[in-house]
Structure formats: structure tokens, C-alpha cells
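Keep in mind that this is a model prediction, so the values were computed, not measured.
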Amino acid sequence: MTDAAFDRDHLWHPYTNVMAPGPTFLVERAEGAWVTLQDGTEMIDAMSSWWCMIHGHRHPAITAAMHAQIDRLPHVMFGGLTHRPAVELGRRLVAMTPEGLDHVFYCDSGSVAVEVAMKMAVQHQLAAGNPGRTRFATPRGGYHGDTWKAMSVCDPVNGMHHLFEGALNIQYFAPRPPITLDEDWPEDDEENGIAALSRLLHEHGDQIAGLILEPMVQGAGGMRFYHPEYLRRARRLCDELGILMIFDEIATGFGRTGEMFAADLAGVTPDIMCLGKALTGGHLSFAAVMASGHVARTIGGGEPGLFMHGPTFMGNPLACAAACASLDLLADGTWHDRVGAIARRMETGLAPAREMPGVADVRVLGAIAVIEMDHVVSADVAHPISRETGVWLRPFGCNIYAMPPFILAPEEIDRVCAAMLRLAREL
């Protein structure tokens, strides 16, 4: 049996039907922004392999750090032990994240980071003498991962997890933020969405541990960019009511929006921040949860005084070394100009889509570009076309989108735009 046949018959891919799997292409190697298939076909990875490979594949600085680390210490338990890569990464994360996020909890993946953040918020409220605050509020249109608690704060109607509604904790959902990034902020709170959020938080505040949001960009829930003033006003409500604000920066962190974190675009500091995806430059699965001193001290001062979580691979030295190398690549700031150049060129390159039939919207923020169609598009249909264009794209819902590596050359950006336009014409 060939590798392709075994894959088809035995391997379960994300969001697929094993009885009718879509086309799957075997990747032989990858370097920079490009992946090479078994048959020699080369494609730009315009998805950054699900948004994480910001420096490109097999970046020599990251792979060198991983090689050096694996010869010294690939893994050791973090319970009662520590190591230099974890300490060094922690120093950098505390220095670069919004001021006040002084405590770092390492974990394995973005979804687990959301689980940890929610657990942290509940334990904080218990320690603060609020045992009834065990639930969460969130805007509709959000996506926070595929694990149990994370699923409970994904959009229950338009998200990917409505099938499990009866098995999930019931959370409180506000309307999705109605004012988009490119619109003027109206002062009428009924119009700007703050009145609805305020009513929800005031009515159920004695049950709500935290408000969790994807700041500025609702990713897998629709690739929608909303106004930063919503976050500023939400921050005030949380402060007023003693509700913790949790930012899920797993997709937006480390430069994707044009600033280091989406929180920086709004000038808002959350109480808890989830990081993942690009943390290691996409070279290993790894995540971190940043917490304020207030949150950490409250948990430490309550019962049992310990934060009750501890993954086996927490603080993995190999992943920490990769993350430090990735952050080194961001430290000189040149990524900022590169992301700005990607945004400007994609704005121009995708402009023709605005006149195409079936296109509902075209939008760009940093290294995120979206052609929103007025109908659902098929990834299975898109994949063979992507192979023909030499640009790997994976649409979902009504969105044809790209989140490319920050290293694309101008001609590669143009090629990505051309491939997106072709999908918009044909899907």
C-alpha cells in the first residue's frame, strides 16, 4: 500500500469524513515560504501552516537552536526542576507583553492555553470569595479551540461545535462586536454593542468569572476585524464588575496584525493572555498563559494556594529554545516593516475582487487578507486549484483568506493575491 493510500484509508485529518476524504497531498520537504510535494510541485504556504510559521519553514536560526538544545536537554519535568531556556523565554515574554502580565504558565497548545486561562479565572474567583463565578461571557463569532472548555466559549450557532451543545457548559454570549475596524465608532452604546454587553455582564456578573475575547480579529469564527474601542469599553466594564478579561492572542500574537499583539492596537491590558501558534515560529507545538500579578497572588492566597494544573510537557526545553530563537528574529523590529509591506501589497492586489460577482467583502489587516464570499466555499474544491496555482490556500465557511509568513517577497505576495482571485472566481 502506498503512503497516499494508507493515509486515505487510515489517517484522520482535521474536519474530514473518513468515508469520503478530500484530496490530500504528500509534502516531501519545506523551506522558507515554500513546501514541496512528493511529485516535485512547489507551493507557497500562504496559510503559514495554520498561521504559525511566521518566519517560514526550517528557519536556520530556529533549527540551529533546536539542534543545540536536543543534544543537551530535550525534555525534563517542570515539577521541582527548571532550566535556562524556560527562564530565558519567561524573561522575554514578561518584557514584551503588555505591562503587568508578570507571570508565565507554559502549556502544550493553544486550546490547552485557553483551558488553563479559564481554569485560572475560576480559581481566582474562588480565592477571591466568589464561589458562584464559574461561568464565562464572550461575544458571538468567536473561536477558542477544540477542547471541551474552549468549545464552550466558541460561537454556539455559527461555530464549528454546535453538535456538542448539549454536552458543553452553558456560557453567556453577547452579540458579536457590530462595528468593524474601518468604521467610525458611534457614541450610541446601543449601536456600538456596548449596551448589550453591559446588560449581559450586569445581569449575570455574579456568575461570570471572565470575559474571553479574540482581540480585534475573530479568526476561525469568520476572519472579522472589529473596532478597538469595543475592547477599551469592555475593559472598563470588567473592572467595574470584578470580571477578569482574557485575551486569546493565539492567532493574533507575535506580529500578525501589524503590532506585536492585537492588545497593542487597542492599548488594553487583559488580566490573562493566551499565546500559542507562532510562539516557536511554528516549529513545535507550544503555548503560554500570561497572568497579572493580581491574578497570581489571589490564587496563591486562596485555598489550596496552588494553581491546580500541570501538563507533562510543561516548559519543554526544546520548545522553549525554539521560542527564544523565534523571538530573537522578532527582536530587531524588521518584521514590522515586512508585515506593513505585505498589507499594502495585498490591499492593492486584492482590490479587483471587490468588483467580482459573489464577493461580499475584501479586507486586510497586517498579514491577514480575506475575500469574503456571499456563499459557503469548499476547501476540497479549492485544494486542487491551489496546487495548480502553486499557492497553498485552505478556505473555510465563506472566506478565502491568507495568513502568509512574514518573509514573502513582493512577487510572492502578488502570486498569493492572484491565487486568491482565482479561487474567488471559481468557487
Side-chain angles (χ1 to χ4, degrees), residues 1-53 55-60 62-63 66-67 70-71 74-75 108-112 143 145-148 150-151 160-161 163-164 220 276-278 280-287 311-313 316 318-319 322 376-397 399-405 412 415-416 419-420 422-423 426-427:
M1 181 180 286
T2 66
D3 289 347
F6 185 91
D7 183 286
R8 181 196 64 226
D9 293 344
H10 297 282
L11 301 188
W12 214 329
H13 287 256
Y15 295 99
T16 56
N17 180 349
V18 295
M19 304 299 292
T24 301
F25 308 121
L26 198 156
V27 177
E28 193 68 30
R29 60 187 180 277
E31 186 169 5
W34 295 77
V35 295
T36 303
L37 303 185
Q38 187 181 40
D39 65 1
T41 299
E42 295 182 327
M43 300 188 296
I44 297 172
D45 183 359
M47 308 305 296
S48 295
S49 282
W50 262 337
W51 323 346
C52 63
M53 200 68 67
H55 309 295
H57 294 269
R58 288 176 52 225
H59 192 286
I62 300 176
T63 56
M66 292 172 66
H67 279 292
I70 205 167
D71 286 335
H75 182 62
D108 306 344
S109 69
S111 291
V112 174
Y143 172 82
D146 288 349
T147 52
W148 252 166
M151 283 197 297
M160 293 181 278
H161 305 311
L163 196 66
F164 304 100
K277 287 193 182 291
T280 66
H283 287 61
L284 282 173
S285 176
F286 196 51
T312 300
F313 289 97
N316 173 255
L318 185 58
V376 174
V377 294
S378 168
D380 285 350
V381 174
H383 288 170
I385 300 173
S386 292
R387 185 180 186 176
E388 290 177 20
T389 64
V391 176
W392 181 247
L393 295 163
R394 183 181 171 88
F396 76 92
N399 297 301
I400 299 163
Y401 77 101
M403 292 176 73
E412 292 172 326
R415 187 165 178 172
V416 172
M420 293 177 70
R422 179 173 170 187
L423 289 182
E426 298 188 23
L427 294 184

**Prompt:** Do Met66 and Leu284 pass the side chain to side chain contact (heavy atoms under 4.5 Å, CB included) test, and can you show the C-alpha distance, the side-chain angles, and the key distance before you say yes or no?
**Reply:** CA-CA 10 Å; Met66 292 172 66; Leu284 282 173; 3.8 Å; yes
[Y] backbone acceptor or donor facing [X] side chain under 3.5 Å:
X: His283; Y: His59; answer: yes
X: Ser48; Y: Met403; answer: yes
X: Thr36; Y: Gly40; answer: no
X: Asp108; Y: Pro311; answer: no
X: Arg415; Y: Thr389; answer: yes
X: Thr16; Y: Pro21; answer: no
X: Lys277; Y: Gly282; answer: no

**Item:** From CA spacing to verdict: ring pair (Phe, Tyr, Trp, His ring centres under 6.0 Å), His57, Trp34
**Value:** CA-CA 7 Å; His57 294 269; Trp34 295 77; over 10 Å; no
**Message:** Apply side chain to side chain contact (heavy atoms under 4.5 Å, CB included) to residues Val391 and Ser386 and explain how you reach the verdict.
**Reply:** CA-CA 5 Å; Val391 176; Ser386 292; 5.9 Å; no
**Request:** Take His13 and Thr24, measure what side chain to side chain contact (heavy atoms under 4.5 Å, CB included) needs, and give me the verdict at the end.
**Result:** CA-CA 9 Å; His13 287 256; Thr24 301; 3.8 Å; yes
**Prompt:** What's the verdict on side chain to side chain donor-acceptor pair (under 3.5 Å) for Asp39 and Thr41, showing C-alpha distance, side-chain angles and the deciding distance?
**Reply:** CA-CA 6 Å; Asp39 65 1; Thr41 299; 2.9 Å; yes
Nearest non-hydrogen partners of [X] and [Y], listed with the distance:
X: His55; Y: Ile62; result: CD2-CD1, 3.8 Å
X: Ala379; Y: Pro395; result: CB-O, 3.6 Å
X: His75; Y: Asn316; result: ND1-ND2, 3.1 Å
X: Met47; Y: Trp392; result: CG-O, 3.6 Å
X: Ala220; Y: Trp51; result: N-CH2, 3.8 Å

Is [Y] close to [X] at the side-chain level, that is, under 4.5 Å between some pair of heavy atoms?
X: Leu37; Y: Arg387; value: yes
X: Leu11; Y: Phe6; value: yes
X: Pro23; Y: Asp380; value: yes

**Prompt:** Residues in ring-ring contact (aromatic ring centres under 6.0 Å, His included) with Phe25, at least two apart?
**Reply:** none
**Prompt:** For His67, which residues count as a ring-ring contact (aromatic ring centres under 6.0 Å, His included) partner, sequence neighbours excluded?
**Reply:** none
**Item:** Full working for side chain to side chain contact (heavy atoms under 4.5 Å, CB included) between Ile385 and Leu423
**Value:** CA-CA 7 Å; Ile385 300 173; Leu423 289 182; 3.6 Å; yes
**Item:** Selection residues 9-35 - residue pairs positive for salt bridge (Lys or Arg N to Asp or Glu O under 4.0 Å), sequence neighbours left out
**Value:** Glu31-Arg58
**Request:** First locate atom OH of Tyr143, then atom OG of Ser111, and finally report the distance between them rounded to the nearest 0.5 Å.
**Result:** 5.5 Å
**Request:** Answer yes or no: does atom CD1 of Ile70 have more than 12 heavy-atom neighbours from other residues, nucleotides or ligands under 6.0 Å?
**Result:** no
**Prompt:** In terms of the angle between their ring planes, are Tyr401 and Phe396 parallel, tilted or perpendicular, with boundaries placed at 30° and 60°?
**Reply:** perpendicular
